[in-house]
Number of protein chains: 4
Amino acid sequence: MPDKKILIIEKAVELIAKNGFETTSVQEITEACGISKGAFYIYFKSKESLLISIFELFSERLSERISTVFEMNIPAKEKLQMFLCIQLEEIDKYSDFILMQLRENTKPDNRELFSVMTQMDMKLNEHLQNLLVGSYGDKVSLHLKDLILLVKGITKSYVELIVLCKTNFNYRDLAKFLVDRVDSLVAGLTTPFLTEDTKKLLDR
Amino acid sequence: MPDKKILIIEKAVELIAKNGFETTSVQEITEACGISKGAFYIYFKSKESLLISIFELFSERLSERISTVFEMNIPAKEKLQMFLCIQLEEIDKYSDFILMQLRENTKPDNRELFSVMTQMDMKLNEHLQNLLVGSYGDKVSLHLKDLILLVKGITKSYVELIVLCKTNFNYRDLAKFLVDRVDSLVAGLTTPFLTEDTKKLLDR
Amino acid sequence: MPDKKILIIEKAVELIAKNGFETTSVQEITEACGISKGAFYIYFKSKESLLISIFELFSERLSERISTVFEMNIPAKEKLQMFLCIQLEEIDKYSDFILMQLRENTKPDNRELFSVMTQMDMKLNEHLQNLLVGSYGDKVSLHLKDLILLVKGITKSYVELIVLCKTNFNYRDLAKFLVDRVDSLVAGLTTPFLTEDTKKLLDR
Amino acid sequence: MPDKKILIIEKAVELIAKNGFETTSVQEITEACGISKGAFYIYFKSKESLLISIFELFSERLSERISTVFEMNIPAKEKLQMFLCIQLEEIDKYSDFILMQLRENTKPDNRELFSVMTQMDMKLNEHLQNLLVGSYGDKVSLHLKDLILLVKGITKSYVELIVLCKTNFNYRDLAKFLVDRVDSLVAGLTTPFLTEDTKKLLDR
DNA sequence: AATGAATGAGGTTTCATTCAT
DNA sequence: GATGAATGAAACCTCATTCAT
């Protein structure tokens with residue numbers, strides 16, 4: 001990937017995070033980069049495709065880091081903690097850009113973007129599922145869908161806090177804290193809420 | 001509020017939920033309503049003010065319903081359950097429009113919208129706090145900020161599920177499920193993550 | 001003329017004087033009158049026709065007052081002074097509305113307005129011409145066109161001052177002052193600038 | 001200044017002079033230039049800013065020419081004549097556009113335009129004052145404010161004539177004629193009308 | 001590869017005018 | 001007479017995109 005393309009992505013993330021995608025013009029982005037408007041279209045087919053590139057880059061980085069965790073020879077629960085820690089760190093870097101993405105809805109024409117996003121989400125879900133089983137054993141197997149939602153929910157809450165307050169927390173500590181909460185949730189499991197029927201919805 | 005204004009709000013919510021705010025044009029909204037473009041501006045000062053109206057309407061409905069819960073003579077934990085149930089139901093009605101808003105960035109010009117949103121968020125936080133203390137006693141007082149984040153996090157996860165899948169769950173059951181999870185979280189409390197310093201950030 | 005029509009004219013003059021004709025909406029006018037937008041069109045065929053009505057009303061008042069001066073049995077130069085005094089007073093009442101009119105250019109469609117304005121201008125010119133001949137005798141006859149321009153020029157300068165500063169001067173004194181200046185101009189007359197050829201242009 | 005910007009200004013002056021500022025749409029201007037609507041906004045931030053640009057350009061040209069007169073080694077009265085001649089010529093070029101502007105009302109939002117206009121007006125006043133003192137000596141010092149109004153008044157009358165009739169006069173002759181009239185006015189000075197109190201109003 | 005002027009569709013908004021009540 | 005909701009044309013302006021240089 002050419003340096004200039006990376007430059008554009010970085011500045012774009014910054015601006016989009018601050019002002020939203022629709023509200024950020026190509027002009028603003030190129031001005032922030034100190035390049036011409038035309039140059040933008042050398043590296044990106046369209047404004048839309050910039051979004052996809054950003055997400056792809058983010059996906060890649062995240063996947064890469066997560067892969068290394070899985071290759072490590074450490075207890076599952078430590079892996080879970082690192083997994084959460086990495087997400088906190090990466091999301092911090094890409095800040096509310098990611099948040100924004102979650103809110104931008106799926107329109108007929110961003111089918112490609114939607115696909116990239118969904119794929120990544122599914123991969124993360126799968127990872128998380130493995131980590132949960134590895135950490136807590138088979139007793140969680142009936143609760144996996146619920147647990148994934150719960151873990152993602154509490155994680156996101158703290159991510160939002162980070163983003164909104166623009167504060168730097170100690171991510172290792174936060175990840176530890178979150179794992180402890182997962183411990184509690186697992187300890188208190190009773191009847192799953194999401195049944196086989198609803199599972200299908202999740203996989204859609 | 002005139003019928004036509006309500007009609008506009010309803011169609012707008014639908015469209016904005018589907019396509020996002022920036023991407024939904026006033027033209028689309030008025031066409032969906034079967035009225036002229038000019039008519040929109042009889043009922044709303046601007047497109048921006050429509051957003052505020054929508055949020056206000058939603059706020060009012062939510063506040064009203066929550067108030068009735070607080071006036072009831074039932075155990076605190078039942079109130080907590082009803083509180084969550086109401087949110088699930090209302091958010092279902094207003095669909096991801098609300099989700100989108102909750103994550104909308106603070107731009108210089110939406111100051112009024114931001115104010116309305118923040119006020120409502122703070123009121124909900126306060127309610128939740130009271131319900132938590134009422135349900136679990138003073139032992140949670142040091143963990144209130146964390147608990148609020150955790151409860152909102154797990155709730156939002158299921159809300160997103162509802163919205164994305166456009167499925168109807170049994171909200172009473174889901175609320176019960178969520179309260180059970182809060183029980184687990186409270187049972188497993190150890191050291192708070194959010195200290196006095198970080199609390200300030202939340203109240204901002 | 002119905003009371004309400006007069007009310008509309010008065011409020012309109014006020015607003016138009018402050019903000020200009022194009023910039024003043026019918027809505028603003030009717031709001032200032034405390035009537036509905038529809039009511040405006042009972043009394044005026046269009047916004048354009050309001051302008052004509054205003055000018056007609058102003059014309060009438062001015063003509064009426066000037067007529068009385070001409071019927072008086074006093075020296076011509078006193079009549080000239082009163083003539084100027086009346087103009088200062090009336091223009092003060094109608095304030096910069098009149099100024100504005102002088103600036104609004106003749107578009108194809110205000111032919112009627114243009115006609116009303118021109119007619120009045122010509123009548124005033126004629127009056128002034130008679131007053132000048134009456135006051136200074138035949139020696140000014142070759143200079144009439146020039147003198148008319150000069151008198152109107154110095155008068156307008158002071159009118160603008162009045163309007164812009166929104167100050168009240170003593171109009172009798174100012175009229176006296178202006179007549180003295182006309183005396184000077186007449187005393188110093190040499191060769192006319194406007195010849196027979198150019199006269200035609202004026203009469204257009 | 002790019003050629004295209006100058007082209008736009010020139011066509012705009014023409015149209016605005018004919019139809020007024022509010023009545024002339026950006027579309028009309030761009031069509032007259034043979035460019036797209038969007039192109040207008042490459043060269044001007046807004047329609048309003050076009051007005052400022054026009055006035056600035058006119059101001060500059062006028063200032064420049066007047067400066068050269070002041071640097072010449074000729075009698076003051078000749079300078080006065082040239083000063084008036086230049087104004088006639090320049091105003092002819094910019095036609096009634098300028099007239100219109102000189103009478104434009106002070107709206108809250110044209111503060112920048114108002115500032116540019118006022119500054120230029122004050123500079124011209126100052127120049128004229130110096131020329132009057134230079135030409136007629138200290139005896140006019142008490143009458144300066146009146147004289148400025150008088151000179152501007154008679155000048156404007158002839159400018160209007162020029163503009164309305166779209167006729168070309170010999171500006172040197174007209175300027176000579178006007179200076180003669182100023183001679184008369186100065187010769188006949190008696191008591192000033194504008195006192196110290198009113199002077200302040202003028203300087204506002 | 002890089003520029004940036006130019007385009008033109010489409011956005012929000014205003015407003016004179018009409019008409020059913 | 002009076003209302004005011006409704007209309008729709010037209011205004012100003014933005015912006016993704018193209019293309020000659």
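Order of the sequence lines fixes the chain letters, A, B, ..., with proteins taken first and strands second; residue numbering starts at 1 for each chain.
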Margin query: Nearest to the side chain of Q27(D), heavy atoms from C-beta on, is which of dA6(F), dA11(F), dA6(E)?
Written below: dA11(F)
Checklist line | Dot-bracket summary - DNA chain F, pairs being Watson-Crick or G-U whose distances fall under 3.5 Å, with | when paired to another strand | finding: .||||||||||||||||||||
Item checked: Minimum heavy-atom distance between I16(C) and I54(C), given as atom pair plus value -> CD1-CD1, 4.2 Å
Check: Which whole-number value in Å describes the distance from F21(A) CZ to dA16(F) C1'?
Finding: 10 Å
Margin query: I need the CD1-C1' distance between I35(B) and dG8(F), as an integer number of Å.
Written below: 13 Å
Check: Any side-chain N or O of K4(A) under 4.0 Å from OP1/OP2 of dA2(E)?
Finding: yes
Margin query: Taking the nucleotide of DNA chain F with the nearest heavy atom to each, does K37(C) or T24(A) sit closer to the 5' end?
Written below: K37(C)
Next item on the list: Check the distance between dA5(F)'s P and F40(C)'s CZ and give it to me in whole angstrom.
Entry: 19 Å
Next item on the list: Indicate, with a heavy-atom threshold strictly under 4.0 Å, whether F44(C) touches base, sugar-phosphate, or nothing.
Entry: nothing
Note to self: Between T23(B) (side chain only) and G20(B) (backbone N and O only), is there a donor and an acceptor less than 3.5 Å apart?
What the structure shows: no
Notebook entry, point to check: Think S36(A) has a side-chain N or O under 4.0 angstrom from the OP1 or OP2 of dT3(E)?
Noted result: yes
Check: Under the side chain to side chain contact (heavy atoms under 4.5 Å, CB included) criterion, do I29(A) and L50(A) qualify, and how do the steps go?
Finding: CA-CA 11 Å; I29(A) 294 168; L50(A) 163 67; 3.8 Å; yes
Item checked: Rounded distance (Å) that lies between atom C1' of dC13(F) and atom CG of L50(D) -> 14 Å
Checklist line | Given DNA chain F, 5'-ward residue of the pair G34(B) and V26(D), judged by closest heavy atom | finding: G34(B)
Check: Rounded to whole angstrom units, what separation is found between the CD atom of E28(C) and the P atom of dC15(E)?
Finding: 7 Å
Notebook entry, point to check: Is the phosphate of dA16(F), meaning OP1 or OP2, less than 4.0 Å from a side-chain N or O of K47(A)?
Noted result: yes
Next item on the list: Say whether, by atom type as modelled, one donor and one acceptor occur between the side chain of K4(C) and the main chain of I35(C) under 3.5 angstrom.
Entry: no
Check: Taking C-beta and beyond as the side chain, do F44(B) and I9(B) meet within less than 4.5 Å on heavy atoms?
Finding: yes
Next item on the list: Assess K47(C) against F21(C): is NZ or CZ under 6.0 Å from the centre of the six-membered ring, and within 45 degrees of the ring's axis?
Entry: yes
Next item on the list: Measure from CD on E48(A) to C1' on dT17(F) and round the result to the nearest Å.
Entry: 14 Å
Check: What nucleotide, of dG11(E), dC13(F), dT3(F), holds the atom closest to the side chain of S25(B)?
Finding: dG11(E)
Check: Tell me: CD1 of I42(A) to P of dT18(F), nearest whole Å?
Finding: 13 Å
Notebook entry, point to check: Tell me: CD1 of I8(C) to P of dT3(F), nearest whole Å?
Noted result: 10 Å
Next item on the list: Look at the side-chain N and O atoms of Y41(D) and state whether any lies under 4.0 Å from the OP1 or OP2 oxygen of dT7(E).
Entry: no
Check: Does S25(D) offer a backbone N or O that forms a donor-acceptor pair with the side chain of E28(D) under 3.5 Å?
Finding: yes
Next item on the list: Using the closest heavy atom to pick a nucleotide of DNA chain E for each, name whichever of K45(C) or Y43(D) lands nearer the 5' end.
Entry: Y43(D)
Notebook entry, point to check: So which heavy atom on S36(C) is nearest to which on T30(C), and how close?
Noted result: O-CG2, 3.6 Å
